[in-house]
Visitor: 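I have a structure I would like to understand better, so I am pasting it below and will then ask my questions one at a time.
Computed from heavy atoms alone, side chains included, the values below leave out hydrogens, waters and symmetry copies. Chain identifiers are assigned alphabetically (A, B, ...) following the order of the sequence lines, protein sequences preceding nucleic acid strands; residue numbering begins at 1 within each chain.
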Number of protein chains: 2
Amino acid sequence: MDESAEAGRRQLNTADLSALEPVERRSTAAIVADRIRTAIMRGTFPPGTQLGEVELAAALGVSRGPLREAMQRLVAEGLLRSERHRGLFVRELGAADVRDVYTARTAIERAAGLLLLAGDRAAAADRLTAALSRMEAAAADPVALADADHAFHAEFVAASGSPRLRRMAETLLVETRMCLAALQETLPPAAALIAEHRELRDAVRDGDAERMTAVLEAHMADAVGRILAPGPQVPAVPA
Amino acid sequence: MDESAEAGRRQLNTADLSALEPVERRSTAAIVADRIRTAIMRGTFPPGTQLGEVELAAALGVSRGPLREAMQRLVAEGLLRSERHRGLFVRELGAADVRDVYTARTAIERAAGLLLLAGDRAAAADRLTAALSRMEAAAADPVALADADHAFHAEFVAASGSPRLRRMAETLLVETRMCLAALQETLPPAAALIAEHRELRDAVRDGDAERMTAVLEAHMADAVGRILAPGPQVPAVPA
DNA sequence: GCGCCGCGGATTGTTGACAATAGTACGAGC
DNA sequence: GCTCGTACTATTGTCAACAATCCGCGGCGC
């Protein structure tokens, strides 16, 4: 009598609930931090610029309290530099920082790649293929291509299933884009870029660890060379 | 006439200035964050405990403003979990988190180790030897030994010269100690622990990359096994 | 008896104002 | 002419009060 008692009566089960994702309840500070992070990433706030609190707060329509909380988050992420009683500045990234970012990225993405190989390779390859096709679709537009490149690497690490690697990678990717924006770096030809990433996906799909790490390291080394080599467009603060 | 003009006259040069380190000018939020981080690390605030703002602010002698900023920092580091209008809670680490922390640590420390080998190995070995002797001095006291172990790994990564690896490692080390404190884990016999670290230093000193990575990975795998194996003292939230 | 509704206490989120500090420009003294 | 001292301005650091939201408990209706 339980299951077929009344026509319209039905208990809520977990399957129903899992269809509902938790309602968006993010703190104001988190939203503000996202906004500013994106602006820094896109080069809207070039490195070295001072971010006035009242100015930003007014622009974002919030008070200084939440804004300061957001700033602390960004300072913790290493995107901002705080000088007491002086203000907050967008961090300037020099040549050493570019190398450091890519060193760290290599470490993280290598580990993520190995996790991928140890897990469900087919599923991972599918996710990468999807990211790859988004890169192809964006091949014509440089900024969209940069977005897609960012998304590919984020997906690469996210697919590993490691929340910590994922978070670290996201921070590093933001710094990467800061470098690109600051140094006016132009991405390599879309075809070559996509080919490199396709090779990465193939290595994952085939479970070839050695090839995967080799491609990854070459990819990173290439990027560093490309950013730092083409003559000092910017003096590139040695610090 | 410039250099030997007057007896007592001498220009200030950069060498003089480099002897002076910048005066300590840290923000209140940073200090508060350090205090709370240490408390969490030491297990003073066990996982799951709610951190009331007014309570903490009163205890630390600051207002809620700076305290909230510090909290945002810790949330960004992943030590705290924030629920809107509910409060801040110390994150609970389950078995999956233990594995994840060590996965990330392995990635970071491996990269740092390779950087060590590529740099001044002798200097790095010296720093590690010093850290090692501090471990030996603390062998008798379990908590001091845990501190020294923490310090050794921090030194290991710091010696690599990569600020980003260093910061990530520090965050992960804090989480490591949260695990230890939460799971009531007892460190292995001091002698064995020190021997493992000594082997790591030897590998660095000798420039043996393969041995270094092997020892490191074994060390990490051991730790995970030790933390998770000895029977489920705590149900270890599967999430 | 069971479930729904409203209320009270407590906590967080946000705001505006106050205080302290650093940078800047100007003038006096050597 | 250069350096040092001083007032001013602008910005950040801090605080206490207000508003919004959520949890637990008691009462009500079914």
Side-chain angles (χ1 to χ4, degrees), chain A residues 1-2 5-6 8-13 20 22-36 45 48-76 79-91, chain B residues 1-2 5-6 8-13 16-17 20 22-36 45 48-76 79-91:
Chain A
M1 281 209 202
D2 281 324
E6 301 271 338
R9 296 293 283 276
R10 177 171 166 275
Q11 281 293 353
L12 215 51
N13 59 37
L20 271 57
V23 63
E24 182 125 352
R25 281 173 30 169
R26 305 178 50 197
S27 71
T28 307
I31 298 170
V32 171
D34 275 353
R35 288 281 191 91
I36 298 176
F45 299 137
T49 50
Q50 178 171 8
L51 301 179
E53 292 184 359
V54 289
E55 184 187 347
L56 273 180
L60 291 167
V62 297
S63 186
R64 280 181 54 210
L67 186 120
R68 282 176 63 86
E69 293 171 22
M71 291 314 211
Q72 287 295 329
R73 253 173 123 119
L74 297 176
V75 168
L79 267 53
L80 261 41
R81 174 172 50 87
S82 168
E83 289 186 27
R84 203 173 148 85
H85 287 118
R86 294 270 305 266
L88 292 153
F89 303 84
V90 180
R91 277 203 56 186
Chain B
M1 280 206 199
D2 284 322
E6 301 271 336
R9 298 289 284 276
R10 175 170 166 278
Q11 284 293 355
L12 214 51
N13 59 37
D16 297 328
L17 264 39
L20 271 55
V23 62
E24 182 127 354
R25 283 170 31 168
R26 304 179 52 198
S27 70
T28 308
I31 299 170
V32 171
D34 275 353
R35 287 283 191 88
I36 298 177
F45 300 136
T49 50
Q50 178 172 5
L51 302 179
E53 291 185 1
V54 288
E55 182 187 349
L56 274 180
L60 291 166
V62 296
S63 185
R64 282 181 53 210
L67 186 121
R68 282 176 63 86
E69 293 171 23
M71 291 313 210
Q72 287 294 330
R73 250 173 129 117
L74 297 176
V75 169
L79 267 54
L80 260 42
R81 174 172 49 88
S82 166
E83 289 186 28
R84 206 175 144 83
H85 288 118
R86 295 269 305 264
L88 292 153
F89 304 84
V90 180
R91 277 202 58 184

Visitor: What residues, two or more places apart in sequence or in another chain, satisfy salt bridge (charged side-chain N to carboxylate O under 4.0 Å, His left out) together with A:Arg68?
Guide: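 Partners of A:Arg68 by the salt bridge (charged side-chain N to carboxylate O under 4.0 Å, His left out) criterion, ordered by chain and then number, come out as A:Glu53, B:Glu69.
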Visitor: With a 4.0 Å limit, can you tell me whether A:Arg68 has a side-chain N or O closer than that to the phosphate oxygens OP1/OP2 of D:dG13?
Guide: yes
Visitor: Find the distance B:Gln50:CD to D:dC22:P and express it as a whole number of Å.
Guide: 15 Å
Visitor: How close or far is atom C1' of D:dT11 from atom CG of A:Leu56, stated in whole angstroms?
Guide: 13 Å
Visitor: Mind checking whether A:Leu60 and A:Ile36 have side chains closer than 4.5 Å, heavy atoms only?
Guide: yes
Visitor: Just to confirm, is there a sub-4.0 Å distance from OP1 or OP2 of D:dC22 to any side-chain nitrogen or oxygen of B:Arg84?
Guide: no
Visitor: When all nucleic acid strands are considered with a 4.0 Å heavy-atom cut-off, which category describes B:Gly65: base, sugar-phosphate, or nothing?
Guide: nothing
Visitor: What is the distance, to the nearest angstrom, from the CD atom on B:Glu69 to the P atom on C:dG13?
Guide: 14 Å
Visitor: Could you state the NE2-P distance from B:His85 to D:dC22, rounded to the nearest angstrom?
Guide: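 After rounding, the gap between these two atoms is 6 Å.
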Visitor: For B:Arg86 and D:dC23, is the shortest distance between a side-chain N/O and OP1 or OP2 below 4.0 Å?
Guide: yes
Visitor: Tell me what B:Leu67 touches on the nucleic acid: a base, only sugar-phosphate, or nothing, going by heavy atoms under 4.0 Å.
Guide: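 Nothing, no nucleic acid heavy atom in range.
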Visitor: Nearest to the A:Glu53 side chain among C:dG13, D:dT12, C:dT15, which nucleotide is it?
Guide: D:dT12
Visitor: Under the rule for salt bridge (charged side-chain N to carboxylate O under 4.0 Å, His left out), what residues qualify as partners of A:Arg81, not counting sequence neighbours?
Guide: A:Glu83
Visitor: Rounding to an integer number of Å, can you tell me how far B:Arg64 CZ sits from D:dA17 C1'?
Guide: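 Rounded to the whole Å, the gap is 10 Å.
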Visitor: Using the side-chain contact (heavy atoms from CB on, under 4.5 Å) rule, take A:Arg64 and A:Val54 through it: C-alpha gap first, then chi angles, then the decisive distance, then the call.
Guide: CA-CA 7 Å; A:Arg64 280 181 54 210; A:Val54 289; 3.8 Å; yes
Visitor: Could you tell me how far apart B:Leu51 (CG) and C:dT11 (P) are, to the nearest whole angstrom?
Guide: 13 Å
Visitor: Round to the nearest Å and state the distance from A:Glu83 atom CD to D:dG13 atom C1'.
Guide: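 In whole Å, D:dG13 C1' and A:Glu83 CD are 15 Å from each other.
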